[in-house]
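In what follows, a single structure is set out as structure tokens and then discussed.
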Amino acid sequence: MEKTWRWFGPSDKVTLEMMRQIGVEGVVTALHQYAPGELWPEAEIRAAKERIEAAGLHWSVVESLPVSEQLKYGGPDRDALISNYIQSLENLGRCGIHTVCYNFMPVIDWVRTDLERPMPDGTLSLYFDFVRFAWFDIKILGREGAEKDFPPEVVERVEALDRTATDADRAQIIDTIITKTQGFINGPLGGGGSPVEKFRALMAPYAGMTKEQLRANLRYFLEAVMPVCRQWDIRLCIHPDDPPMPVFGMPRLCGSAEDIRWILGAVDDFHNGLTFCAGSLSAGAHNDVVAMAREFAPRTHFVHLRSCEVLPGGDFVEAPHTGGRADLVELVRIFEAEGRPLPMRVDHGKTMLGDERVGYNPGYSFHGRMLALGQVEGMMAAMRHAGR
Ligand code: DNO
């Protein structure tokens, strides 16, 4: 595997020079200045690429070329948006960039209820608290029928929580779920008005949508973009749903082995591939992550290494890279054996040793990820040694 690192562009507090010092080889980035759906001009791609190369690195993966909401719900402009997407892929191909990650999650990308949950060792971790998540859905978003999506004992705890919650607690969870977690990935929601109102408006086109309809829209998109991927050898790789289950009553389609099988079979082409995000997949107790890696390695084009621990009651926490239920040692063995120089980045890390004072994007601390990269690099070295 190739050691890569996610870079949020020139404003990222982790610089390209810092990455080089810790042994990173390839950069994972995007043209964050463009909103989802906008065309990425070739000149801008080239400029970003040259900047990365001037630092002695190379642009290995695009994460993400975002898929607009209209493509996911099948809105009236979808064909125009698809032609922009195709043109952006061609422009990337012309610049020699061949791996492109995307996701197909309606409205909300990854979800956490806590971005700085204190751990017993003094580090801070991302955390998903099932009851607080349900509280957000039922009481803050006020989604119709939301209580039916949760077990009665969770709904009871939501009632109790709501009686004691303060305005500051409400503001904090809105800021976490809507503003902070989504903001640095897909850009700020923009405009005035309350984030909750905007969030409801974004969800509206998905009302009543089934998983089958979402799948049909993904197939439509994949069929349309595959020719340009073949022509320019672009390996498109879908990112699994994080967490790997439906949220806020909207369907999700990439959370289990069966889902991934369906996606890879929908257009059975090497260029229709997977981002193997061990962290997202391990957050679902239904997933046997190692078995999935064995099955899907031949169509995996990008690897995200981290591991979750699923706790009783449905909470999950991001475990150290040497622990949790993803079994990274085994995953490294499987992906190293693929023989292709698969780009791999360590995903989220703990916030530690002063990271909390710098203001990194949630999950993208410097020290925490550096520690994780060292751990994964050790696993890779051991595999390579054993294979000699
Ligand atoms: C969060 C990330 C996701 C991922 C996108 C890919 O930290 O894993 O936001 O980048 O879903 O499209």
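Atoms within a ligand are numbered from 1 in the order they appear, just like the ligands themselves.
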Discussion item. Closer than 4.0 Å to some heavy atom of H239 - which atoms of ligand 1 meet that?
Written reply: 4 (C), 6 (C), 8 (O), 11 (O)
Discussion item. Taking transitive links into account, so neighbours of neighbours count too, which hydrophobic residues share a cluster with L353 at under 4.5 Å side-chain distance?
Written reply: M352, L371
Worksheet item: What atoms of ligand 1 come within less than 4.0 Å of a heavy atom belonging to M105?
Response: 11 (O)
Discussion item. Evaluate H304 for polar contact with ligand 1, using N/O atom pairs at a separation under 3.5 Å.
Written reply: no
Fill in: Contact atoms of ligand 1, heavy-atom distance to R6 under 4.0 Å
2 (C), 10 (O)
Response to the item:
H348 heavy atoms within 4.0 Å reach ligand 1 at atoms 1 (C), 7 (O)
Worksheet item: Going from CD on E116 to CD on E356, what distance comes out if it is rounded to the nearest 0.5 angstrom?
Response: 7.5 Å
Worksheet item: Any idea which of N103, L65, D109 brings a heavy atom closest to atom 3 (C) of ligand 1?
Response: D109
Worksheet entry | Subset of ligand 1 atoms that lie under 4.0 Å from at least one heavy atom of E63 | 4 (C), 6 (C), 10 (O)
Worksheet item: For residues 265-280, which residue pairs qualify under side-chain hydrogen bond (donor to acceptor under 3.5 Å, both in side chains), counting only residues two or more places apart or in two chains?
Response: R230-D269, D233-H271, D268-R299, D269-H271
Worksheet item: Under 3.5 Å, is there a donor-acceptor pair between the side chain of R340 and the main chain of T300?
Response: yes
Worksheet entry | Proximity to ligand 1 by part of Y102, non-hydrogen separation under 4.0 Å | backbone
Item to complete: Give, for atom OG1 of T113 and atom CZ of F130, the distance between the pair rounded to the nearest 0.5 Å.
Response: 11.5 Å
Worksheet item: Hey, would you say the Y206 and F248 ring centroids sit under 6.0 Å apart?
Response: no
